[in-house]
Amino acid sequence: MAEATASSNSGLTRREFLYYVWGASMALFTAEFTGLFVWFALPRFKEGEFGGKFAVPVDQVPAKNARPVGFSQGRFWLVNLDTTESNDRMYRATDEPNDIVGVLAVYKVCTHLGCIYDWIEANERFECPCHGSKYRLDGRRIEDPAPRTLDRFSIEAVDADGALLATSQTDSRTNEYAPMVLPANTAQLLINTGDRRQGSNPTLLRQLARAT
Ligand code: FES
């Protein structure tokens with residue numbers, strides 16, 4: 001009896017102890033939940049980091065059907081396509097019903113096993129050094145083993161004040177981002193490397209003739 005009295009006078013009762021443990025647990029849970037909420041709410045990537053948006057002045061966009069321009073930090077190529085103009089870099093195949101005109105941002109990673117391919121000017125196409133896949137200027141497969149067309153990033157065209165003029169549209173035939181015809185007063189393009197659309201897997205171009 002004397003022992004029990006001493007125990008209750010000297011410190012916490014069992015009920016108080018459990019109450020404080022419960023309070024501490026709730027505080028910890030609330031802190032964790034708040035931290036998670038803030039983590040989700042913050043943007044994942046800053047502008048100019050891969051995964052974020054890259055601003056490209058319109059004067060850095062290549063001329064129509066010219067060799068592509070690479071942006072190493074953003075891991076994309078910019079290409080400017082026009083199959084209405086005769087050339088060897090970009091042409092329309094017999095299974096493509098419409099001309100292909102506009103600007104694309106093409107991911108720099110091969111769709112086979114992820115090597116970094118390059119533009120080979122002498123052959124006027126992209127070629128992968130690992131297993132030999134080849135792609136046309138817009139990223140469509142010429143030769144396998146690549147399983148699909150190169151992936152594409154979405155693009156926004158903005159004017160000199162930053163006002164949005166146009167955004168990438170989806171090609172209903174392939175579900176890829178379609179080439180964007182730049183509005184007249186475009187000042188820069190915003191390439192969103194956090195918004196990548198997988199390429200489709202149409203017939204290899206080497207099996208098709210050019211459309212006339
Ligand atoms: S990784 Fe490019 S062909 Fe294999």
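In listed order, ligands and their atoms are each counted from 1. Worth saying up front: this structure is predicted, and the values here are computed from it rather than measured.
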Exercise. Can you tell me the N, O or S atom of His112 that's nearest atom 4 (Fe) of ligand 1?
Worked result: ND1
Exercise. In the protein, what heavy atom is nearest to atom 1 (S) of ligand 1, and what distance, to one decimal place, separates them?
Worked result: Leu113 N, 3.2 Å
Exercise. Going by the angle between their ring planes, with limits at 30° and 60°, are Tyr135 and Tyr117 parallel, tilted or perpendicular?
Worked result: tilted
Seminar exercise, completed: salt bridge (charged side-chain N to carboxylate O under 4.0 Å, His left out) test vs Asp95 passes for just one of Arg210, Arg140, Arg173, namely Arg140
For this session: Assess whether disulfide bond (SG atoms under 2.5 Å apart) is satisfied between Cys130 and Cys115, documenting all intermediate values.
Result: CA-CA 7 Å; Cys130 292; Cys115 285; 1.9 Å; yes
Problem set entry | Contacting atoms of ligand 1, where contact means under 4.0 angstrom from a heavy atom of Cys115 | 1 (S)
Exercise. Can you tell me if CD on Glu121 sees more than 12 non-hydrogen neighbours from other groups inside 6.0 Å?
Worked result: yes
Problem set entry | Electrostatic pair Asp195-Lys53, nearest N-O below 4.0 angstrom | no
For this session: For ligand 1, note which part of Cys110 has a heavy atom under 4.0 Å away: side chain, backbone, both or neither.
Result: side chain
For this session: Identify, by atom number and element, the atoms of ligand 1 in contact range of Ser133, meaning under 4.0 Å from any of its heavy atoms.
Result: 3 (S)
For this session: Would you check if atom 2 (Fe) of ligand 1 lies under 2.8 Å from any N, O or S atom of His131?
Result: no
For this session: Specify whether Phe126 and Trp77 have parallel, tilted or perpendicular ring planes, treating 30° as the upper limit for parallel and 60° as the lower limit for perpendicular.
Result: tilted
Exercise. Can an N, O or S atom be found in Cys128 less than 2.8 Å away from atom 2 (Fe) of ligand 1?
Worked result: yes
